[in-house]
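We use all heavy atoms of the structure for the numbers below, so side chains are in, but hydrogens, waters and symmetry mates are not.
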Amino acid sequence: MFVEALGVAALNWFLGVVVDRQNMSLAGLDPDMMSTSSKIGGIVFGLYLALCGLVALLVAVRDRAPAGLGRILLISAAVAHGLLGAVVWGLVGPLAFLSMVVVLGLVVLLLMTYDGPAGRSADAAFEGGAGGDGPPAAPAVTPPAAPTAP
């Protein structure tokens, strides 16, 4: 995702430079505004993809499933790659589609197949057994013995 972030930012920057050098208007829009917005959009989308890559890297380093904002970022990145994959098939070609689908598959794999540390089952974690985080089992209580007559 880091390479993709750099590529998206560089492509949008290049498109901004092209629009600026042509100095042409599109439906009456200011060319300087189009150039600036293309550059800003590329930087913002590149930072977004870099943040998603950082979340994926932290998941790998910490060996924990993504949670909260990180999970939301990865889900939104998966949706974005799915939509972009559908668009690039017609505009760019099958190779670009394949690269979008590969990244989509990797993000979905990261979100769906994370099991946590090896050797720890869901039942053990739920019951507080081996490796679980539940409360310890209470000691067995035996009732007092009945008094005997002398």
Locate the shortest heavy-atom distance separating [X] from [Y]; write the atom from each residue and the value.
{"X": "G53", "Y": "F2", "value": "C-CZ, 3.5 Å"}
{"X": "Y48", "Y": "A77", "value": "OH-N, 3.0 Å"}
{"X": "L104", "Y": "A78", "value": "CD1-O, 3.1 Å"}
{"X": "A50", "Y": "A5", "value": "N-CB, 3.6 Å"}
{"X": "G85", "Y": "F97", "value": "O-CD1, 3.0 Å"}

**OP:** Begin from the C-alpha positions of V79 and L83 and carry the test side chain to side chain contact (heavy atoms under 4.5 Å, CB included) through to its verdict.
**Re:** CA-CA 6 Å; V79 170; L83 292 173; 4.1 Å; yes
Side-chain heavy atoms under 4.5 angstrom apart, residues restricted to Ile, Leu, Val, Met, Phe, Trp, Tyr: same cluster for [X] and [Y]?
{"X": "L58", "Y": "L73", "value": "yes"}
{"X": "L74", "Y": "I72", "value": "no"}
{"X": "V92", "Y": "V101", "value": "yes"}
{"X": "L54", "Y": "I43", "value": "no"}

Original post:
If you count the non-hydrogen atoms of other residues, nucleotides and ligands that lie under 6.0 Å from CG in L95, is the total more than 12?
Top reply: no
Quick check for you: to the nearest 0.5 Å, what is the distance between [X] atom [atom1] and [Y] atom [atom2]?
{"X": "L110", "Y": "C52", "atom1": "CG", "atom2": "SG", "answer": "11.0 Å"}
{"X": "S35", "Y": "Q22", "atom1": "OG", "atom2": "CD", "answer": "11.0 Å"}
{"X": "S37", "Y": "L15", "atom1": "OG", "atom2": "CG", "answer": "11.0 Å"}

**OP:** Just do the side chain to side chain contact (heavy atoms under 4.5 Å, CB included) check on K39 and N12 with the steps written out, would you?
**Re:** CA-CA 6 Å; K39 292 175 183 178; N12 277 308; over 6 Å; no
Original post:
Listed by chain and number, what are the side chain to side chain contact (heavy atoms under 4.5 Å, CB included) partners of M100, not counting sequence neighbours?
Top reply: E4, H81, L84, V88
**OP:** Could you check if a side-chain atom of P31 sits within less than 4.5 angstrom of a side-chain atom of D20, using non-hydrogen atoms only?
**Re:** no
**OP:** For a side chain to side chain contact (heavy atoms under 4.5 Å, CB included) with M1, tell me which candidate from V107, L106, L57 qualifies.
**Re:** V107
**OP:** Could you walk me through whether W13 and S38 pass the side chain to side chain contact (heavy atoms under 4.5 Å, CB included) test, one step at a time?
**Re:** CA-CA 7 Å; W13 192 272; S38 176; over 6 Å; no
Subject >> Side-chain hydrophobic cluster, 4.5 Å single linkage: members besides L6 >> reply: none
Subject >> M33 backbone acceptor or donor facing T36 side chain under 3.5 Å >> reply: no
